[in-house]
Amino acid sequence: MELDEIRHAISDTDQQLLALLAKRRQLALAVADAKLAQNKPIRDQKREQELLVSLIGQGKPLGLDAQYVTRLYHVIIEDSVLQQQAKIQGQLNGTDSPAVRVAFLGGQGSYSYWATQKYFTRRAERIIEQGCDSFNEIVQAVETGHADYALLPIENTSSGSINEVYDILQHTRLSIVGELTHPIAHCLLGLPGTDLTKIRQVCAHPQVIAQCSQYLQGLSQVKIEYCDSSSDAFNRIKQQQDPTVVAIGGEEGGQLYGLEVLTRDLANQKDNVSRFIVVARKPVTVAKAIPAKTTFIMYTGQQPGALVDALLVLKQHGISMGKLESRPINGNPWEEMFYVDVFANLNDYAMTRALEELNKITKFIKVLGCYPSEDIEPTQVTAG
Ligand SMILES: O=C(O)C(=O)C[C@]1(C(=O)O)C=C[C@@H](O)C=C1
């Protein structure tokens with residue numbers, strides 16, 4: 001067969017595969033309804049294990065090795081679980097809507113833009129994008145009713161917690177209603193034909209600069225220009241048309257501005273992942289069928305053992321903590337506000353009791369939100 005004929009056959013096959021994946025997704029949504037009716041959790045890892053063992057067995061005579069089948073179905077099953085969670089949460093909280101207005105950092109092509117697409121494509125037919133130049137502007141858009149949701153980066157595996165967002169959470173009336181993690185592959189992007197040896201200036205968001213600090217230390221004689229977002233950095237390169245000026249951001253985003261990849265994988269951590277939170281004016285209830293996280297802030301006071309006593313309350317109620325962060329309290333120098341993520345549903349009896357006790361022993365405590373956990377740990381296949 002001629003190359004074009006073979007490619008035509010591949011495209012036909014891919015079209016069939018897409019139709020089957022769409023059908024599988026619809027079936028998974030039907031499973032969600034059935035499980036809800038039977039009061040069963042969305043995640044059924046015994047079923048996943050059986051499925052993977054069976055698929056690996058079916059793949060073998062077809063020449064599809066176990067690693068390939070497992071990797072493929074981890075992606076398919078993760079999507080299935082997240083689709084089901086989004087459906088159930090939309091029904092429970094009445095947040096199913098044809099269009100949502102979402103405020104996020106930057107414009108088309110920024111990391112927050114892609115994370116917004118990833119999160120809200122499961123939840124609405126249409127996303128009305130509101131690109132903003134600062135975290136404060138994002139939060140104000142929701143507080144003033146100009147947007148329904150805000151998506152904010154809160155931590156990154158290379159640069160750690162994003163303090164500005166933690167500080168905003170201390171003072172906003174908004175609730176955390178969701179979370180997602182998104183891989184961030186930082187590339188050096190420039191005008192087509194840029195000569196790497198002639199670079200004099202790098203444009204990027206401060207968070208991106210922090211995540212690529214080791215790479216940037218290796219670039220001598222290069223000026224760093226801080227931008228409001230990755231899309232802002234891309235736009236500057238496009239406007240300036242100066243081949244000695246480059247940006248750091250995502251490949252797909254750069255392509256939207258006609259930039260090409262000069263170098264890849266610039267982040268300090270090989271697996272460079274950002275965690276984003278989604279905030280809204282109204283808190284959500286998390287269905288029992290879905291694993292939940294609750295985030296709260298507390299000021300324990302500075303008496304000896306104050307923090308330990310508070311954390312012991314969680315331990316006494318069998319509540320696992322995901323993250324503990326501390327930030328200065330505005331106006332109270334040297335006094336710290338603690339941010340605590342726990343793996344618990346706000347409506348769990350244990351969580352209710354723990355919060356009652358924490359209310360008694362802390363000087364201040366506020367729940368920022370209870371939301372579905374989107375950490376879908378892939379099911380490992382044990383040898384049959
Ligand atoms: O069969 C189920 O229980 C489903 O929810 C479907 C499915 C899948 O996509 O295959 C998804 C999540 C479960 O953990 C198990 C399997």
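Small disclaimer: the values here were computed from a predicted structure and weren't measured. Indexing begins at 1, ligand by ligand and atom by atom, following the structure's order. Residue numbers start at 1 and run along the sequence shown.
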Interfacing atoms of ligand 1 (cut-off 4.0 Å, heavy-atom, V81): 12 (C)
On a heavy-atom basis, I'd like to know which of Q85, R47, Q45 is closest to atom 1 (O) of ligand 1. R47
Among protein heavy atoms, which lies nearest atom 10 (O) of ligand 1, and at what distance? R24 NH2, 2.8 Å
Tell me the contacting part of L51 for ligand 1: side chain, backbone, both, or neither, using a 4.0 Å heavy-atom threshold, strictly below. side chain
Return the closest protein heavy atom for atom 7 (C) of ligand 1 as residue, atom name and distance. S80 OG, 3.9 Å
Atom 14 (O) of ligand 1 has as its nearest protein heavy atom E48 OE2, 2.4 Å
Out of all atoms in ligand 1, which are within 4.0 Å of some heavy atom of I42? Include the element for each. 5 (O), 13 (C), 14 (O)
Sidechain N-carboxylate O distance under 4.0 Å for E50, R47: no
Charged N to carboxylate O below 4.0 Å: is that the case for K60 and D65? no
Here's a test for you: under salt bridge (Lys or Arg N to Asp or Glu O under 4.0 Å), which of D375, D341, D348 qualifies with K293? D375
Electrostatic pair D33-K87, nearest N-O below 4.0 angstrom: yes
Any carboxylate oxygen within less than 4.0 angstrom of a Lys/Arg side-chain nitrogen, looking at R25 and D79? yes
Under a heavy-atom criterion of less than 4.0 Å, does K35 contact ligand 1? yes
As an exercise, identify every atom of ligand 1 less than 4.0 angstrom from a heavy atom of D44. 13 (C), 14 (O), 15 (C)
Does the plane of the ring in Y166 sit parallel, tilted or perpendicular to the ring in Y339? Use 30° and 60° as the thresholds. perpendicular
F338 CZ to I297 CD1 distance, which is reported to the nearest 0.5 Å: 12.5 Å
Proximal atoms of ligand 1 relative to V31 (non-hydrogen, under 4.0 Å): 2 (C), 3 (O), 4 (C), 5 (O)
